[in-house]
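Working notes for the structure below.
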2 protein chains.
Amino acid sequence: MSKNKLLSPFKPASHKHQKCLQSAISVAKKHCEVEGLRLTPIRQRVLELVWQSHEPVKAYDILDELKRSKSSSAPPTVYRALDFLLEEGLVHKIESLNAYIGCGNPKDIHKGQFFICHDCGSVAELDDDEIRDLLQKKAKRFGFEINDEMVEIKGYCLECRELKNK
Amino acid sequence: MSKNKLLSPFKPASHKHQKCLQSAISVAKKHCEVEGLRLTPIRQRVLELVWQSHEPVKAYDILDELKRSKSSSAPPTVYRALDFLLEEGLVHKIESLNAYIGCGNPKDIHKGQFFICHDCGSVAELDDDEIRDLLQKKAKRFGFEINDEMVEIKGYCLECRELKNK
DNA sequence: ACTGTTATGTTATAATGTAACATTTGTAGC
DNA sequence: GCTACAAATGTTACATTATAACATAACAGT
């Protein structure tokens, strides 16, 4: 079956973000349990910090937060946790921003397509086989074998555009 | 008319790269002349260095080279030249590599789609409206207005795959 | 408890990119 | 040519992002 999911849509400014966070953590716990991996306190804390919003978060911002409760934290603390979470598909890196964003669908590890609003900074994630198939088709024409993909689209989300038109 | 161009294909290892370089420089000169811009010696030199190969080049590698002939060179020397060249569509930044690659088609300033070989490091650039249209269509569904796009695909080019299969 | 593996602590440094201000060079009008 | 303004470069310092390397601690299987 072909995927065509808006994995993570733009949320209205008013949405109950606590639920997003709680759900993400419980998904992560489940995932690690099933895979026999350890969601250690540091890893979980970093994941929570990444999920503080639907905007990509910077590694050193995470570090600053970590230090508030654990002064022993250092860059490797954060980057190791992020590496683990990236590896498991629990977060994605937005390359064009050097920042990290949570992903609620670690199961089948994927690379999504990201839509990033210039105004509010929020990100929507798509996981769309039509895009992937098209890229595949294009690649095939010159004998290229795809193994990793990065699609990051910037622009303006509906909510921000409507705000501006008022 | 819809674009569907392999702007810059993978080149056989044996191709005459001098021609690529010369052509790129002459295109750049023309472009700047037409636009009333100055392709200063520094800018031209940086462009030449970016075009030393079909692999993305790192800013600090360019700097190292610049220093060999002009010890006064410093990071801003390179980044300013790159900013100018990026602005004019004479180079692109590959975000996922923090590296820069020449573009031979500055006329209508575009964002291409890049295919990057893990083995040889070479990059092919596509400028394809079918991809853009599809992304546009997807974006439209949730009211997103696209204004900038980054598509960077990694994998294995034909030549490298054939080498491995021997 | 012993042992190998995984995770974390710790220090230092590499790699990438920008701010801010001084100086020089080019250009347009006189 | 001279002047004045703008554009480009020089220079120093620093900000941001990320990794190397080695020590210690926590955990899991026997």
Side-chain angles (χ1 to χ4, degrees), chain A residues 28-29 31-47 49-50 55-88 90-101 121 150 152, chain B residues 28-29 31-33 35-50 55-88 90-101 121 150 152:
Chain A
K29 279 182 174 158
H31 172 83
C32 289
E33 200 177 316
V34 169
E35 300 288 324
L37 300 167
R38 296 165 56 204
L39 189 64
T40 63
I42 290 177
R43 288 166 177 175
Q44 180 171 335
R45 184 79 187 107
V46 168
L47 185 58
L49 290 169
V50 167
E55 301 173 35
V57 176
K58 302 244 147 199
Y60 274 73
D61 289 346
I62 294 172
L63 179 54
D64 288 343
E65 274 308 310
L66 276 189
K67 276 182 177 162
R68 295 163 70 94
S69 47
K70 251 201 148 186
S71 62
S72 73
S73 307
T77 315
V78 172
Y79 283 104
R80 282 166 181 157
L82 285 174
D83 284 346
F84 172 84
L85 298 168
L86 285 165
E87 188 73 28
E88 295 308 315
L90 292 163
V91 311
H92 294 296
K93 179 174 185 184
I94 306 294
E95 298 284 353
S96 61
L97 298 176
N98 296 318
Y100 304 84
I101 186 137
M150 192 214 81
E152 299 176 8
Chain B
K29 279 182 174 159
H31 172 83
C32 289
E33 201 177 318
E35 300 289 323
L37 300 168
R38 296 166 55 204
L39 189 63
T40 62
I42 291 178
R43 289 167 177 176
Q44 179 171 337
R45 184 79 187 105
V46 168
L47 185 59
E48 285 166 7
L49 290 169
V50 167
E55 301 173 36
V57 177
K58 301 244 147 198
Y60 274 73
D61 289 346
I62 295 172
L63 178 55
D64 289 343
E65 274 308 310
L66 277 190
K67 278 183 177 160
R68 295 164 68 96
S69 47
K70 253 202 147 182
S71 62
S72 74
S73 307
T77 315
V78 173
Y79 283 104
R80 284 166 181 158
L82 285 174
D83 283 347
F84 171 84
L85 298 168
L86 287 164
E87 189 73 27
E88 295 309 314
L90 293 163
V91 312
H92 294 295
K93 179 172 186 186
I94 306 293
E95 298 286 350
S96 61
L97 298 175
N98 296 318
Y100 303 84
I101 186 135
M150 270 137 293
E152 300 174 10

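Since the structure is predicted, the reported quantities are computational estimates derived from the model, not experimental observations. Every chain is numbered from 1 and lettered A, B, ... according to where its sequence line falls, protein lines coming before strand lines.
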Rounded distance [0.5 Å steps], [atom1] in [X] versus [atom2] in [Y]:
X: Tyr100(B); Y: Leu49(B); atom1: OH; atom2: CG; result: 14.5 Å
X: Glu95(B); Y: Asn98(A); atom1: CD; atom2: CG; result: 8.0 Å
X: Leu82(A); Y: Thr77(A); atom1: CG; atom2: OG1; result: 10.5 Å
X: Met150(A); Y: His92(A); atom1: CE; atom2: NE2; result: 13.0 Å

request  = Could you list where the contact with chain A starts and ends along DNA chain D, reading 5' to 3', using a 4.0 Å heavy-atom cut-off?
outcome  =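 For DNA chain D, the relevant span reads dT17(D) to dC27(D).
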Distances under 3.5 Å only, N/O to N/O: pair up the protein atoms with those of nucleotides 22-28 of chain C.
none

request  = Mind grabbing the angle between the end helix axes of the helix from dA1(C)-dT30(D) to dC30(C)-dG1(D)? Five pairs an end, 10° rounding.
outcome  =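 Overall, the helix from dA1(C)-dT30(D) to dC30(C)-dG1(D) bends by 30° from one end axis to the other.
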inquiry  = Using the side-chain hydrogen bond (donor to acceptor under 3.5 Å, both in side chains) criterion, which residues pair with Glu88(A)? Sequence neighbours excluded.
reply    =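 Applying side-chain hydrogen bond (donor to acceptor under 3.5 Å, both in side chains) to Glu88(A) gives His31(A).
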query = Partners of Ser96(B) by side-chain hydrogen bond (donor to acceptor under 3.5 Å, both in side chains), sequence neighbours excluded?
reply =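 Expected list: Glu152(B), Lys154(B).
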inquiry  = In this structure, how many angstroms lie between the C1' atom of dA15(C) and the OH atom of Tyr79(A), rounded?
reply    =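 Rounding to the nearest Å, OH of Tyr79(A) and C1' of dA15(C) are 11 Å apart.
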ask   = According to the salt bridge (charged side-chain N to carboxylate O under 4.0 Å, His left out) rule, which pairs have a member within residues 31-42 of chain A, sequence neighbours left out?
value = none
What residues, two or more places apart in sequence or in another chain, satisfy side-chain contact (heavy atoms from CB on, under 4.5 Å) together with [X]?
X: Arg80(B); result: Pro76(B)
X: Glu55(A); result: Ser53(A), Ser122(A)
X: Gln44(B); result: Ile25(B), Lys29(B), Leu39(B), Glu48(B)

Only pairs under 3.5 Å count here: list side-chain donor-acceptor contacts from residues 58-74 of chain B, not counting sequence neighbours, and write none if there are none.
{"from": "Lys58(B)", "atom 1": "NZ", "to": "Leu97(B)", "atom 2": "O", "distance (Å)": "2.7"}
{"from": "Ser69(B)", "atom 1": "OG", "to": "Leu66(B)", "atom 2": "O", "distance (Å)": "3.3"}
{"from": "Ser73(B)", "atom 1": "OG", "to": "Lys70(B)", "atom 2": "O", "distance (Å)": "2.8"}

message = Which is more 5' along DNA chain D, the nucleotide nearest Leu37(B) or the one nearest Ala74(B)? Just name the residue.
response =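 Whichever sits nearer the 5' end wins; that is Leu37(B).
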query = With a 4.5 Å limit on heavy-atom distance, are the side chains of Leu37(A) and Phe84(A) in contact?
reply = yes
Considering all heavy atoms, the nearest [X]-[Y] contact:
X: Pro56(A); Y: Gly121(A); value: CD-O, 3.3 Å
X: Val91(A); Y: Val50(A); value: CG1-CG1, 4.1 Å
X: Leu47(A); Y: Leu90(A); value: CD1-O, 3.9 Å

task = Specify the residues of residues 91-101 of chain A, ordered by number, for which at least one heavy atom lies under 4.0 angstrom from an atom of DNA chain C.
result = none
message = With the threshold set at under 4.0 Å for non-hydrogen atoms, list the residues of residues 56-71 of chain A touching DNA chain C in residue-number order.
response =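 Output list: Lys70(A).
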